[in-house]
Amino acid sequence: MKLLIYSHAFAPQVGGVETFAMYLASGLSKTDSAQGTHNFAVTVVTRVPGTEEVVSGVPSFGIVRKPGPLELWRLVGDADRIFLVGPAILPLVFALIRRKVSIVSHHGYQSICPNGMLFQFSTQTCCPGHFAAGRYGECVKCNAPQEKIAGSVKMLLLTFVRRALCRLASSNVAVSQHVAMRIALPRLCVIRNGVPVVPPSPQLVAAAYTTHAPIAFAYVGRLVTEKGVSVLVKAAGILKAWGCHFQVFVVGDGPERRALQELTSSLNLDNEVCFLGFQKGTKLQESMNKVSTLVMPSICEDVAPFSVLEQMMQEKLIIGSKIGGLAEEIGDAGLTFEPGNAYALAERMREVIQQPHLIETLGKRARDRALVWYTLERQLIEYHELLGVR
């Protein structure tokens, strides 16, 4: 079966959507005789330029980069199934015109929110659902400061188009129950993101129980407003005022890095908070081996972050905002706090410092939860079933 996977974002870019697309293309292009699943001839189509040296190993699928409209039309026509990683308008239009089975996976809120995030940047708060409620003027006002009025109106109109097209798709897939509830589309199912099953790092476990070392926390992700890293820095300031000994590593980069570093210095936290920049692979693993707890202080409705799943699989204790798909991933296998509340986060961090046995207890529970709900093998089986039923 010929499967076209369209992903606007793909390697060499790095992020959750890129990770999902790579896992899906690699997994579906392989035959698993143990599961009895058949092989797909996969072609990934993306707008991202690059060479295939960026793909580790020899890819088992084809990659077409930056196709023009005519080439995209031909590629859609040649495929048996069209899988869209996000509600991309042109390939979905082509799939519908050519009467192809079309599946749209939703990794954000682009079908129900003009900025795709359900986040109001002016107030740094979650959107109550203006588009779904028909309050379109609020949508225009929300995005006007960043996009001007004309740009904001365009974003609103495109949201109508995306939603209408998704309602015509053969299937819609949400990557969490929270996303499914928010987008509320027909022919909708939930297939949770998954990560490879790997053993916990022995070095990580040893580092977590070095008695003379302070408890180390880490954030992994982009340094952008909606990820709430400033809440973590402020929580670190509160912990220091309480006389706690700890270390915080901030792993990632983005437009907020300079402001976050200035906030760190203003709170006299340069010895406690360390900015490591963007890391991946072995370098990231080495950094995380020094860490006992992952902190995800999002103030937006995170969809289903891979960084949390990867660290759950590594038997890491997770502290996260009680919001969106992030809280859904953590469940009862970690600690949660009110989004944006630095004091509440500091209390959770102090709880770990004062009760270090939680690192092992909740770390094991996190891994057990990941093994049940969030394995890549389970995810691929469910996509095989979805793709094969029509």
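- Residues that satisfy the side-chain contact (heavy atoms from CB on, under 4.5 Å) test with Leu267, not counting sequence neighbours, are Val233, Leu263, Leu269.
- Without hydrogens or angle criteria, Thr375 side chain to Leu371 main chain gives no donor-acceptor distance under 3.5 Å.
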task = May I have the step-by-step check of ring pair (Phe, Tyr, Trp, His ring centres under 6.0 Å) for Phe275 and Phe249, ending in yes or no?
result = CA-CA 6 Å; Phe275 290 81; Phe249 296 105; over 10 Å; no

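- Annotation: ring pair (Phe, Tyr, Trp, His ring centres under 6.0 Å) contacts of Trp373 (sequence neighbours excluded): none.
- Ring-plane geometry between Tyr383 and Phe20 is classed as perpendicular, the angle between the planes exceeding 60 degrees on a 0 to 90 degree scale with a lower cut at 30.
- Scanning for side-chain contact (heavy atoms from CB on, under 4.5 Å) contacts around Ala304 gives Val175, Asn193, Glu329, with sequence neighbours left out.
- The salt bridge (charged side-chain N to carboxylate O under 4.0 Å, His left out) contacts involving residues 241-265 comprise Asp253-Arg257, Arg258-Glu262, where partners must be two or more places apart or lie in separate chains.
- The list of salt bridge (charged side-chain N to carboxylate O under 4.0 Å, His left out) pairs with a residue in residues 159-180, not counting sequence neighbours, is empty.
- Legend: residues meeting ring pair (Phe, Tyr, Trp, His ring centres under 6.0 Å) with His106, ordered by chain and number and at least two apart, are absent.
- Of all the heavy atoms in His107 and Val17, the pair that sits closest is CB-CG2, 4.0 Å.
- Taking CD1 of Ile103 as the reference point, atom CD1 of Ile5 lies at 10.0 Å (rounded to 0.5 Å).
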Show me the donor-acceptor pairs within less than 3.5 Å that the side chains of residues 151-159 make with the rest of the protein, sequence neighbours left out.
{"from": "Ser152", "atom 1": "OG", "to": "Val140", "atom 2": "O", "distance (Å)": "2.7"}
{"from": "Thr159", "atom 1": "OG1", "to": "Met155", "atom 2": "O", "distance (Å)": "2.8"}

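- Taking the six-membered ring for Trp, Tyr374 and Phe306 have ring centres at least 6.0 Å apart.
- When atom types are taken as modelled, the side chain of Glu328 and the backbone of His178 share a donor-acceptor pair closer than 3.5 angstrom.
- Side-chain atoms of Arg367 come within 3.5 Å of backbone N or O of Met313 as a donor-acceptor pair.
- Under 4.0 Å is where a charged nitrogen must lie from a carboxylate oxygen, and between Asp78 and Arg74 at least one such pair does.
- Here CG of Leu24 is found 6.5 Å from CD of Gln379. Values are rounded to the nearest 0.5 Å.
- A donor-acceptor distance shorter than 3.5 angstrom exists from the side chain of Ser321 to the backbone of Ser298, with no hydrogens or angles considered.
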Under 3.5 Å, which donor-acceptor pairs do the side chains of residues 109-118 form with other protein atoms, sequence neighbours left out?
{"from": "Tyr109", "atom 1": "OH", "to": "Glu301", "atom 2": "O", "distance (Å)": "2.9"}
{"from": "Asn115", "atom 1": "OD1", "to": "Met117", "atom 2": "N", "distance (Å)": "2.8"}
{"from": "Asn115", "atom 1": "OD1", "to": "Leu118", "atom 2": "N", "distance (Å)": "3.4"}
{"from": "Asn115", "atom 1": "ND2", "to": "Phe119", "atom 2": "O", "distance (Å)": "2.9"}
{"from": "Asn115", "atom 1": "ND2", "to": "Asn143", "atom 2": "OD1", "distance (Å)": "3.3"}

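- Across all non-hydrogen atoms, the minimal contact from Leu28 to Leu3 is CD1-CD2, 3.6 Å.
- The closest donor-acceptor contact from the side chain of Arg47 to the backbone of Pro67 lies under 3.5 Å.
- A donor-acceptor pair is defined here as one N or O able to donate and one able to accept, closer than 3.5 Å; no such pair exists between the side chain of Ser7 and the backbone of Phe10.
- When only modelled atom types and interatomic distance are considered, Glu138 and Gln120 share no side-chain donor-acceptor pair under 3.5 Å.
- At distances below 3.5 Å, not a single donor-acceptor pair connects side-chain atoms of Gln13 with backbone N or O atoms of Val48.
- Going from atom CD1 of Ile191 over to atom CG of Leu380 covers 10.0 Å, rounded to the nearest 0.5 Å.
- Not one N or O on the side chain of Asn172 forms a donor-acceptor pair closer than 3.5 Å with the backbone of Leu185.
- Listed by first and then second residue, the salt bridge (charged side-chain N to carboxylate O under 4.0 Å, His left out) pairs that reach into residues 90-110 come to none, sequence neighbours excluded.
- Residue pairs meeting the salt bridge (charged side-chain N to carboxylate O under 4.0 Å, His left out) criterion with at least one partner in residues 231-243, sequence neighbours excluded, are Lys240-Glu272.
- Put simply, the side chain of Thr264 never gets that close to the backbone of Val273: no donor and acceptor are under 3.5 Å apart.
- Nearest heavy-atom pair, Ser170 versus Val101, reported as atom, atom and distance to 0.1 Å: OG-CA, 3.5 Å.
- Pairs passing the side chain to side chain donor-acceptor pair (under 3.5 Å) check and including a residue from residues 336-350, sequence neighbours excluded, read Glu338-Asn341, Arg348-Glu351.
- For the side chain to side chain contact (heavy atoms under 4.5 Å, CB included) with Leu92, the lone residue among Val161, Ile97, Val104 that qualifies is Val104.
- In terms of modelled atom types and a separation under 3.5 Å, the side chain of Arg81 and the main chain of Leu387 share a donor-acceptor contact.
- The distance between the ring centers of Phe83 and Tyr6 does not fall below 6.0 angstrom.
- Residues passing the side-chain contact (heavy atoms from CB on, under 4.5 Å) test with Ala180, sequence neighbours excluded: Ala174, Leu188, Val190.
- In terms of heavy-atom proximity, Phe121 sits nearest to Glu226 at CE2-OE1, 3.5 Å.
- Residues Phe40 and Phe61 place their aromatic rings such that the two centres sit no closer than 6.0 Å.
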